[in-house]
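Only a predicted model underlies this, so the values are computations on that prediction, with no experimental measurement involved.
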Amino acid sequence: MAKESIKARQVKREKLVAKYAKKREELKKAGDWDALDKIPKNASPVRLRNRCKLTGRPRGYMRRFGISRINFREMALAGLIPGVTKASW
């Protein structure tokens, strides 16, 4: 489980990226690198990290479900994810 401060920081970054996305795109097209440099560094989408929606775990993230592999396994075995069954052969 990630610390609440780490999760809050990630949410703050997501808001900044959304806020400055259009402005960043316009400045990149214009080639105005000085103005682009004055935008906050956390407004860059490169600084975002995929995190589990339930626990905030940054590793083992499954993009299709938005959760970590550990939570995915627990939920799948409990039958909470429709269409997912344990394979056996």
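Looking at residues two or more places apart in sequence or on another chain, you find a side chain to side chain contact (heavy atoms under 4.5 Å, CB included) between Lys7 and Met1, Ala2, Glu4. In terms of the side-chain hydrogen bond (donor to acceptor under 3.5 Å, both in side chains) criterion, Lys15 has no residue partners (sequence neighbours excluded). Residues meeting the side chain to side chain contact (heavy atoms under 4.5 Å, CB included) test with Ile70, sequence neighbours left out: Arg57, Ser68, Glu74.
In this structure, Ala43 and Arg24 approach most closely via the heavy-atom pair O-CD, 3.5 Å. When all heavy atoms are compared, the tightest approach of Cys52 to Asn71 is SG-ND2, 3.2 Å. Closest approach of Arg51 to Gly56, counting heavy atoms only: NH1-O, 2.7 Å.
Listed by first then second residue, pairs satisfying salt bridge (charged side-chain N to carboxylate O under 4.0 Å, His left out) with a partner in residues 26-45 read Asp37-Lys41, not counting sequence neighbours. Within the structure, ring-ring contact (aromatic ring centres under 6.0 Å, His included) contacts touching residues 63-84 (residues at least two apart or in different chains) are Phe65-Phe72. Every pair tested for ring-ring contact (aromatic ring centres under 6.0 Å, His included) that includes a residue from residues 5-62 fails, sequence neighbours excluded, so the list is empty.
Hydrophobic clustering (side-chain heavy atoms under 4.5 Å, transitive across Ile, Leu, Val, Met, Phe, Trp, Tyr) groups Met62 together with Val84. Leu54 and Ile81 end up in the same hydrophobic cluster when Ile, Leu, Val, Met, Phe, Trp and Tyr side chains are linked at under 4.5 Å.
Looking only at distances, a side-chain donor or acceptor of Gln10 sits under 3.5 Å from a matching main-chain atom of Arg49.
Atom CE in Met75 sits 5.0 Å away from atom CD1 in Ile67 (nearest 0.5 Å). How far CD of Glu14 is from NZ of Lys19: 15.5 Å, rounded to the nearest 0.5 Å. Atoms CZ and CG, from Arg9 and Asn42 in turn, are 9.0 Å apart once rounded to the nearest 0.5 Å.
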